[in-house]
Amino acid sequence: MERIAAHLSRVVQGKEAQARLTVTSLIAGGHILLEDVPGVGKTTLAEALARSCGLSFARIQFTADLMPADILGAQVFHATSATFTFRQGPIFRQLVLADELNRAPPRTQSALLEGMAQGQVSLDGSTYPLPAPFTVVATQNPLDLTGTYPLPDSQLDRFLMRLSLGHPAPEVEARLLTTRGRTPPVEALEPVTGPEELSGLRALAAELRLDEAVAEYIVRLAKATREHGDIERGASTRAVLAVGSAARAHALWDGRDFVTPGDVRAVLVPCLAHRLMLRSNVQGAAARDEASHLLEELSRKVAAPR
Amino acid sequence: MSTPSRLRLVLRDLGAGAAFGSMVVSGQLPVWAVALFGLALLCALAGWRLFARRARAAAVLLLAVAGMLGLSVYTGQLDLVVAACTFAGLISGHRMLSTPDARADGQVQLIGLLMVAGGAALSGELIFALFLVAFCVLASLSMGLAVVEAAVPAGEPLPVRAVVRPLSVGLLFAIGGAVAFFILFPRLNWNMISRRAAPGLGATTGLADTVRLGGAGTLKSNPRVVLRAHITPVPHVEQLGAYWLARTYDTFDGLEWTSVAGPKRSRPRVTLRPGGERSLHQHIELLPAYGARTLVALETPTRMGNAVAHMASGSRRTSLMEVGGEEVRFVASGISYTYEATSLPPAELSSTRVTDAELGQLLALPDQLDPRVAELAQRVLAGEKDPEAAARKLSAFLQREYAYTLELSGEVEDPLSDFLFVRKAGHCEHFATALTLMLRTQGFSARLAAGFFGGERSDDDYILRAGDAHAWTHVLVPGRGFVTVDATPPGNRASQSLAALQFITGLYEALEARWRSAVVDYSLRDQLEVAQRLVRPPKEQGRASARLPPARVWGLALLAGLATYAAWRLLSARLLAPRPHHATLLVDTVERMLREAGVRRHDDETLEELTARLVREQHSLAEPLAPLTRRYLEARFGQRPLAPGEAERLLTPLRHFLEARRAPATPGPRPRA
Amino acid sequence: MSARLSALWAWLRAMLRPPRTLKVTRTGRTYLVVTLGVGLGALNTGNNLLYLVLGLLLSMVVVSGVLSERCLRYLSVRRLGSESAFAGEPFAYRWALTRQQGHAFALTLAEVDTPLTGEGRVGYLRAGAEHVVRADLTAPRRGPCSLSGVRVTTTWPLGLFAKTRVFELEGTLLVFPRRGYACQLPGEALQGPFGDAHSPRRNDGTGDVAGLRELGPTEDARRVHWRKSAAVGKLLKVEREREERRTYLLTVEAHLTGEALERRCEEVAALSHELLESGHEVGLETPGERLRPAAGSAQQRRILRALAWVGFEQLRQEEEAAA
C-alpha cells in the first residue's frame, strides 16, 4: 500500500493526502469521484493508480454525444460467420477513468453507474460480468456547468468518496516547472502490485475489527448530519456503511487490524460531503465547500470515543 | 404561523369553560345562558367555528342578547353582577366560535380572567377553587403554547412536551406564590361582603308543616349534609347518637299529623323554656341542602337566637318566630342560615309550657281509628299505669314484633292499621305514630316529634345528613314534662345510605368547611394569628403537642430528605454514567501530563491526531508518545486490553522525557501546536 | 489621564446598563390593567377569593419573569453571516445559537444598532445542540456595515412581557450594491471580436460543437442532429460555440460622490453580472482597487466585493490591518 501511495505521489506531486485517500478508496472497493478544475492532475492520478497497481485501464472521455453502447460495447455482426458477437466496450477494464462524467447525457451516465453498482453489464438480455477488482474513477469539473448534466443525488451516492485535488502549493508548482522533463512519466511507472494482491488487501480490510464504540461514533456523526439545521437531507444508511468500509481501509495504512476514531475522521469529509443535501441554495463549488465545512464542524462537535 | 395547533385551541376553550364553570357553581346564572355557553363550548371543542364566517350577524346577535340582559336588569329580574357575568360568558362563547387568530385568543383568555373574577364575586364554593386552578393551568398552557407556536417556523412540529414541563413547574410556583400572597397580604378592610351562600344543587328535605304517612322513604338513603353544628362543651365522641328536634305534632287525622297552635310574634331571640346549669351550647349552620326555615337544635332546646340568613345578595340578621308545636322559624328566607342554640342535656328535667288547647290535643284520636289499635294497646300494656313505663313497654313490643322497611308501596286507606295488622313493617314515622296513638287510646298524653337522629363527627363539628331525618314520640309524664321514647328499632334510626357515599360526602363537607373557615372567612385576625404563631410558636400543651412534633423536627426531616435526595442524585449520576474504559484512563493521564508540560493542542484534537501530527512534524515528543498512543488505540478499539501495570510502563518514557525537558531553566520554544 | 477617565466612564456605563431590558406587550398591558382592577376590587370589597385571584395574577407575573430569565440564560450566539447581501433586497442571514443547559423557547434574534431590518425566530432550542437561525434581513445601502451585537428577545412564557438580552459581538457585514438596471452599454471591449453579437453562443450553424441537447418546443428544427437523433430515438439539437469571448474593463470614476456614486456602483454591478453570465471576461477599476479581467462566478464575487468597498477605503484598510 505504501508502495502504491509513494508511487502515486511521485507522479502527482504535492498531493500525498489525496493519493492516500485514493488508495484507501481503492482498497475499500469503492469508486472515486474527483472533482476539480481542469489541469490539476486528475487524469494523471487515475492513470498512475492503474499502472502502479497493474490493473487493466481504460479511459472514457465523456462528451455530449457519447452513447451507452460506446461504454458497454455492442453486438457486432461478423460477416464471415454470420453471427453476432459481443464486442466489449471500454468498461470491461479493472480500472475505468470516466473523464468529465457530467458532460454525457443521463442515459449514458446511468449505463456506467449501473455497472458500478452491480459489477456486471446487462445488454440485450444477457449479462456480462465485469473484471474482478472493478473501480471507476470519475472526474468532473464543478465550475463550468454550462452544457452539463449534473449527476442526480442517487448517483452521487454510488461513489464512495469525492476528492478534490486543488492547486498544488507554489513551491511544488515551481518544482514541477523545473523538473518537468525529468519526472517519470506515467507511462514509465512499473506496477508495484497486482490485482491478486489488491483483492487480498480488500479481503483483509473487510475483516478489520470495528469496535462498538467506533461504530456508535459513526452513527452519532450520521445522526448529527440528519439533525443539523442547515442540512436538508443527512447521511443515509448507505453513507454510514461507506464511512465504515472506508475507515477500515484507512486503518490498513498504520498496519492496524482495528479501526480507530481517527480513521473515521480522516475519511469522513470525502465520504459524506457529496451525499449531503444542503438547505441553502448555493450551487456547485460553493455547496461543496459548505458541505465540507459543515462536516468538519460536526466532527469537531460530536465527541469522539476515548 | 399557519394553522393554529388543535391542542392549544382545545386548552384555550377548556380554560374558558373552567372560567365559566367557576361562575356556574354559584348557581345564579340563568339556565339558558349556561346552556348556550355549553353549546358553544361543545362546538368549539369539536372544531366548528360557526361564527368565523358571519362575524357581523353574530355580533348583532350578541348585541341583542346584551339588550335583553340590560332590560331584565332594569326591570329588576336580574342582579347587575349576575347579568354582567352572564354577558361575559356569552362574549366568551362568541369569541371561541370566531376565527382563531391571535386577537381572538387574547380576548378569550382575558374574558376568562374576568369570568374568574366574576365567579369570585358570585360564590364562595369550594368547587370555585378547583375551577380557578383549572383555568389557571389550562390558560397558561395555552398561552405558553401560543407564544412558542408564533415562533416555530411553519411546518415544524410544536414541542409540546418541552413546553409543558417548565410551564407546569412555573405554575406550581405561581400557585404557591398566590397562597403566600393570600396569607400575607394585609386585609385592611373589615366589611366582608363576600357572598358566601349559593344554592348549589338545591334543597333536599323540606320539613313540611305536616307529616303524612305513606309514600316511599327515599329520604332515608340521602347522604347529603344538611346541618353542621359546633357543640360546646365538645362531646368527644365519633357518633353523637342524639335527637335533634325540629318540631312536634299533636293532631292526627288518620293520614296526617298537624299542629293546632298558631304563630306568635317574631323576636330576635326565642326562649322556649328556662335553661339548666349544664346546658349544651350549639353554633349551628343550616346548609343550602336543608331547604326549610325551621330551626333545629339538640333535644331539649331552651333558647335560640343570633340568627343570620345568607342570601345570594349577602348576609342579613333575621329575627325568629315561634310557630307552635315548639317550632321556631326564621322570618327571612335565605339559602343557608347560621344561629346559636342552647339545649338541656337529655337527662335534665325540662318543663314545657303547653296551652290548654294543645294539652287537649294530646289525647285526641282520629275519627275513624281502627278499634283493633286500642285492643292491641290494652293487651300489650296489661294494666300498666305509669306513662313512661307504658310507653317503654309499647315501644319494646313494637321494636320486637315489627320490622323496619323503606319499601312501602304507595298510599293506603288507613296507613296505621295497614302497618299494625297487615304489613307489620314500616319506617320511623309508622313506628312513632303507632306508639303515640296506642298511648293515647290508653289515656296517656303523647305527641309526635320530628327532626333528626344522629350526629357524625367531622373535625371538631358534628354534621347531620338528609338521611338522618327521623320521627319519635314524646310522652307527657306528670311532674317531669315530655319524655322521649323511640319506637323505631335502634339500628334504623339514623341515615341508611351507602357507606362509601357517606364517606365521600363527609370528606367533601370537611373540605368545604376548611375552605370556608380558612379561605372565604380569612381575615386580619387570622393573619395576626399566623404572624403570632410565626414569631412565637404556641406553647405545646396537651393533645396538640402529642399529635404534632415541634417545628424543628419538621425542619430536620426536611433537611434529611434533601440530603437523601442529593445523595441519590449524585449516586444515580455516578451509576448511570458509562464506566470509562481502562485505556481511557490512560489517555486521561497522558493528556493531563501533556497539559502540565505545556504542550498546546488544537481545539479538539484527539491523542491519536496529536501524535500523528507530531510524527509528521518530526517533533521530539513523538518518540515517547507514538508507542503509547498505538498501544492505547489497540487496547481501546482493538480488543487487546492492557496488562496490569502496563499503563505505568508505557507512561515512564513520556514522563522521563517531559522531566528532561523541564529541567533546563529556560525551556526552548514550546511546540507550536 | 483622560484615557483612564474615559475607560472608567466606559466601565461605569457598562456596569450601569441593565443586563436585560423589558417591554410590556399588548396582551401584557391588558393583563396588568385587569390585575389592577382585580386588586382594587379585592381591596374595596374585601372578598377573599378576589385576593386569591389577585395573588395568582401577581405571582404569574413573577413566574413569567423568572421563566423568561431562565430562557435567556446559558445562551451563546455566534454569527454565521450571509452568503451574499445585496442592498435593498432581503438576503438570508444566519446566526448559530447554542444553549449549554435547559431549554429556551420563542426567541427572536436581530442585530443591534444597525440599519439592518428583519429578525429570525426560534421556536424551541434544546440544550447542547447548535441551532442555526435564519432570517431575511434587508440592508438599506451598500458598503460595510459594522455590527455591534445580537439582540435576543423572548416573550416566553405567557407573551405578557418581551425580555431582551444583548450579546456583544463585533463584526462587519459587507453589503454589495444592488444590481440595478444597466442603462449604459458597456464600453468597447478590450479584446475579442467587435460588433453587435452579445453572446458567444452561435445559432447560425457555424462554430465548434459545444454539446447536444434535446430540442425544446420552440426551437429551430434546422439545428437537429439527425443521425444522433435517429440513434437515440428523440430529437437532439446541436449547440455550437465559437471563440467569441470578449474582455471588458468597467470603471467606477473617482470623482463621483453621493447619489451618483451609488448609481454607478449599481450599474457596474448589473453590467458585470450580465456580461459574466454570457461568458465574457470583465475587469474593474475603482478609485482604490484594480481587478484584472477574468470570467466566472468567482470574478463576479470579487467585483461585488470591490464595489461594496468603494467609498469606504479607509475602513477597509483598518479591516485588513486588523485581519
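Below, chains carry the letters A, B, ... as their sequence lines are ordered, and counting in each starts from 1.
- Partner of C/E130 under the salt bridge (Lys or Arg N to Asp or Glu O under 4.0 Å) criterion, out of C/R99, C/R94, C/R78: C/R78 alone.
- With a threshold of 4.5 angstrom between heavy atoms, C/L67 approaches chain B through side-chain atoms but not through N, CA, C or O.
- Looking at B/I175, the atoms closer than 4.5 Å to chain C (heavy atoms on both sides) sit in the backbone and in the side chain alike.
- The local environment of CZ in B/F181 is crowded, with over 12 non-hydrogen atoms from other residues, nucleotides or ligands closer than 6.0 Å.
- With chain C as the partner, the residue from B/G119, B/A139, B/P166 showing the most heavy-atom pairs under 4.5 Å is B/P166.
- Your options are C/L58, C/V63, C/V62, and the one with the most heavy-atom pairs under 4.5 Å with chain B is C/V63.
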Run the side-chain contact (heavy atoms from CB on, under 4.5 Å) test on C/T114 and C/L137 for me, step by step, so that the C-alpha distance in whole Å, both residues' side-chain angles and the decisive distance to 0.1 Å come before the verdict. CA-CA 11 Å; C/T114 52; C/L137 298 188; over 6 Å; no
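- Of the listed residues (C/G102, C/G159, C/P157), the greatest number of heavy-atom pairs within a distance under 4.5 Å of chain B belongs to C/P157.
- For C/R26, the part sitting under 4.5 Å from any heavy atom of chain B is the side chain, from C-beta outward, and nothing else.
- Listed options C/L107, C/V53, C/T154, C/V38 were ranked by heavy-atom pairs under 4.5 angstrom with chain B; first place goes to C/V53.
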Go through the steps for B/L122 and B/F128 under the test side-chain contact (heavy atoms from CB on, under 4.5 Å), then give the verdict. CA-CA 10 Å; B/L122 281 183; B/F128 168 79; over 6 Å; no
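- Residue C/L56 touches chain B through both its backbone and its side chain, counting heavy-atom pairs closer than 4.5 Å.
- Looking only at heavy-atom pairs under 4.5 Å with chain C, the residue among B/L145, B/V179, B/L113 that has the most is B/L113.
- Only the backbone of C/V122 comes within contact range of chain B, with heavy atoms under 4.5 Å apart.
- Taking the charged nitrogens against the carboxylate oxygens, C/R142 and C/E266 have no contact shorter than 4.0 Å, which rules out a salt bridge.
- When heavy atoms are compared at a cutoff of 4.5 Å, B/V163 approaches chain C by way of both its backbone and its side chain.
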Start with the C-alpha gap between C/R151 and C/E119, add the side-chain angles, then the distance that decides, and say whether salt bridge (charged side-chain N to carboxylate O under 4.0 Å, His left out) holds. CA-CA 10 Å; C/R151 188 175 62 217; C/E119 54 191 23; 5.2 Å; no
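- Using cut-offs of 30° and 60° on the angle between ring planes, the pair C/F86 and C/F176 is perpendicular.
- Looking only at distances, no side-chain donor or acceptor of B/S92 sits under 3.5 Å from a matching main-chain atom of B/A88.
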